[in-house]
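Report on the following structure.
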Amino acid sequence: MRSPLPFQIAEGPGQRHTEEESRVLIYAPSANDARVTVEMLSHVGLAALACEDITRLREEVAHGCALLIVAEEVLRTDVASLTDILARQPAWSDLPITIVTSDGAFGMRQQGIEAFINAGNITELERPFRPEILLSTVRVALRTRYRQYEMRDLLDKLQNGEERVRQILGSISDAFVAIDADWTIRFVNAAYLSLISPLHEPTDDLLGQNLWEKFPILADSPVADVCRRVMREQQPETVEVYYQPLDIWLEVRAFPTPHILSLYMRNVTSRREADLAMKEAKELAESANRAKDYFLAVLSHELRTPLTPVLMVASTRERDKTLPPQIQSEMAMISRNVQLETKLIDDLLDLSRITTGKVHLNLQTLSLNSAVTLVCETCKAQMLEHGVSLEMNLSGEAGQVDVDPARLQQILWNILKNAIKFSPPQGKIVVATKRISESHVQLCVCDDGVGIDAELLPKIFNAFEQGESRKTQQFGGLGLGLAITKALVDLHGGTIRAASPGRGQGSTFTVELPISCKAPTRKEASSDESSSVTKLNILLVEDHADTAQVMQMLLQSLGYVISTAGSASEAVEKARHFPFDLLVSDIGLPDASGYDLVRELKKSYQFEGLAMSGYGREDDIRKSREAGFSSHLVKPVTFEALRQAIQELVEKRDRGGRPLP
């Protein structure tokens, strides 16, 4: 049916409410009045419902309505009930009520309904009225109601959003506190309350409180500095602090916005304690390692020093043609055993240096075949003694390798000595080299000795590994040679492996090294034994009496002038009256170190320094050079090694060289 009215009432865009919430409820004592009003509103598309009594009205209002039209007559009996209905509205609701009045309405207000009228959203419609007036009044009331619905929806969204935020923040496992720009606490989560529970601070006592007033101990703490800086610079920061009231360490992460500072806190006491324990354990291990290194250094010094005079005398007498051959042979035997003892000491120190990463390579380009030949020549006497023959198959294409000459000799020496040790009398050792690719060369040492058991092969390069204990007893040694050899091969960028068919069937050790494309390093020709000896004044400082006596005797036999001292203070006193060219000094002196002595003497005198000590670690050699020594010999020292070292320093001085830095 087409509406005879010039307008219709409809919802605005975006409005969301139920059909019941759009209804107009009518409460009138006359059923005919109520029916007419319902028909009039329904005619223009409005949902309208007449309520026959106050109970029905109360029920329908509870279900929802947009407007309540009440005849003034019901106010005489039901005003209290209507007032109660208004009082039960939610906070957002202000239900529009239109009271249809007639003459004398003002008088009725004076009769007890003024409180009701003042409490509600009341409009009056005086009888008689035209339909247009009713619909206009209804339209205004509905628009007001729809705005209330919009406010309700907005409040619901805000409340739901806030609740979601609270749920999210409350679910954070770390303790969380939100603080505004005035340092007022605005939010705390359950984890925070659990964290501070020993302080017995309930939520109601925290929210709305000033952070620094509530926790005064924080006001001058690093946390306060971080919070203020974070809010000032708007950059997040993290700090770890000890919080004395709780006796815990806290990790505090601060994240800023212009108006809110978010603090995340985590108890890191366990980690701090674990870190502290780890640090203490590390310091203890490092201390133990330093003590071990010091012990090995002192042990080396104490073991080497007594061997020095023995080795010097034995090596000198071994080459003395005026002595009977038997005496020369015995001296050679003494010399070999002293050198064997020295090798055991060197192995211990080498293992310590390698495991601590203190081995440094002095790389040079050498012919591999030349290096192999030199080591084989050195070992010939030992092969003859064991009745072992040697076959060398050196390929002319083996080429050069970039190696530390001394360390390469040590690698080859260990492998060859190992083959000699485990070969039977009349056994045979084959040493071969060949190029296996454009980039690598191979060295193989094969023997027909005792062989290696299959279960031992994977462990053959482990330190102190010699297989069965009977082999240790039979062949001697500490089982360090191959471990050191593998470590040195690895440092050169090579590989080493062992193979054996089994017990009694010999073994093969194979070393592969990178090939060098450089030309071989040329060494300057050194003076041989027949070179003339330059006159030299030597200040010899040695607290081991036998060593000092032997060295003085042997050096004087070369024509050098020697002045000896047994301590650093005695050496300083001797220097005042003895114009010396060369200082030969031990490092471990009774009253000071050799390092201290050379520094003191360098203040007043020009000379070359030669350290000769049982301290032979890389660190010891570095310290001696830094102190002012030009060269460092490790005891025990053969007389030939000492003579050659002195001769090199003399040549260096004569060329106008300066002591090494």
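Just so it is clear, the model here is predicted, and its values are computed rather than measured. We count residues from 1, following the sequence as given. Hydrogens, waters and symmetry mates play no part in the numbers below; they use all other heavy atoms, side chains included.
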Look at the side chain of [X] and the backbone N and O of [Y], then say whether any donor-acceptor pair between them is shorter than 3.5 Å.
X    : Y    : result
Q549 : A545 : no
S624 : I621 : yes
D402 : S516 : no
H632 : R622 : no
T373 : N369 : yes

Could you check whether the rings of W249 and Y242 sit parallel, tilted or perpendicular, using 30° and 60° as the cut-offs?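 If you compare the ring of W249 with that of Y242, the planes turn out tilted.
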Flag side-chain contact, heavy atom, 4.5 Å: [X] against [Y]:
X    : Y    : result
L394 : V372 : yes
L443 : T510 : no
E280 : L284 : no
V403 : Q364 : no
K417 : N414 : no
I411 : I415 : yes
L610 : L642 : yes
M392 : C376 : yes

Nearest atoms (heavy-atom pairs only) where [X] meets [Y]:
X    : Y    : value
H440 : R435 : O-CG, 3.7 Å
A575 : F580 : CB-CE2, 3.6 Å
A571 : L539 : O-CD2, 3.9 Å
L633 : A645 : CD1-CB, 3.8 Å
G506 : S500 : O-OG, 2.7 Å
V441 : A398 : CG2-O, 3.4 Å

Can you tell me how far apart [atom1] ([X]) and [atom2] ([Y]) are? Round to the nearest 0.5 Å.
X    : Y    : atom1 : atom2 : result
I436 : S395 : CD1   : OG    : 12.0 Å
L558 : L536 : CG    : CG    : 10.5 Å
T495 : E512 : OG1   : CD    : 4.0 Å
I420 : L390 : CD1   : CG    : 8.0 Å
L582 : L540 : CG    : CG    : 9.5 Å
F509 : K486 : CZ    : NZ    : 13.0 Å

Take L589 and S567 through the test side-chain contact (heavy atoms from CB on, under 4.5 Å) and record every step on the way to the result. CA-CA 6 Å; L589 299 173; S567 65; 5.7 Å; no
Worked verdict on D447 versus S507 for side-chain hydrogen bond (donor to acceptor under 3.5 Å, both in side chains): CA-CA 6 Å; D447 64 68; S507 59; 3.0 Å; yes
Would [X] and [Y] pass as an ion pair if we require N to O under 4.0 Å?
X    : Y    : value
E397 : K434 : no
K623 : D620 : no
R271 : D275 : yes
D448 : K428 : no

For E391, does the CD atom sit with more than 12 other heavy atoms under 6.0 Å from it, leaving out its own atoms?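 Count over threshold, so yes.
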Is it true that, when you exclude E573 itself, more than 12 heavy atoms of the residues, nucleotides or ligands shown sit nearer than 6.0 Å to its CD?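 It does: E573 CD has more than 12 such atoms within range.
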Using the side-chain contact (heavy atoms from CB on, under 4.5 Å) rule, take E648 and Q644 through it: C-alpha gap first, then chi angles, then the decisive distance, then the call. CA-CA 6 Å; E648 288 175 354; Q644 184 175 349; 3.5 Å; yes
With D586, which of T547, D543, V541 fulfils side chain to side chain contact (heavy atoms under 4.5 Å, CB included)?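 Per the side chain to side chain contact (heavy atoms under 4.5 Å, CB included) rule, the option paired with D586 is D543, out of T547, D543, V541.
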Could you tell me whether K602 sits above the aromatic face of F607, with NZ or CZ closer than 6.0 angstrom to the six-membered ring centre and within 45 degrees of the axis?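 Judged by the rule, K602 and F607 form a cation-pi pair.
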Worked check of side-chain contact (heavy atoms from CB on, under 4.5 Å) between Q410 and L488: CA-CA 9 Å; Q410 185 177 0; L488 293 176; 3.5 Å; yes
Apply side-chain contact (heavy atoms from CB on, under 4.5 Å) to T485 and N418, showing your working. CA-CA 11 Å; T485 298; N418 202 63; over 6 Å; no
Check the side chains of E608 and S630 for a donor-acceptor pair under 3.5 angstrom, ignoring hydrogens and angles.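 Their side chains do contain a donor-acceptor pair, which is all the 3.5 Å distance test asks for.
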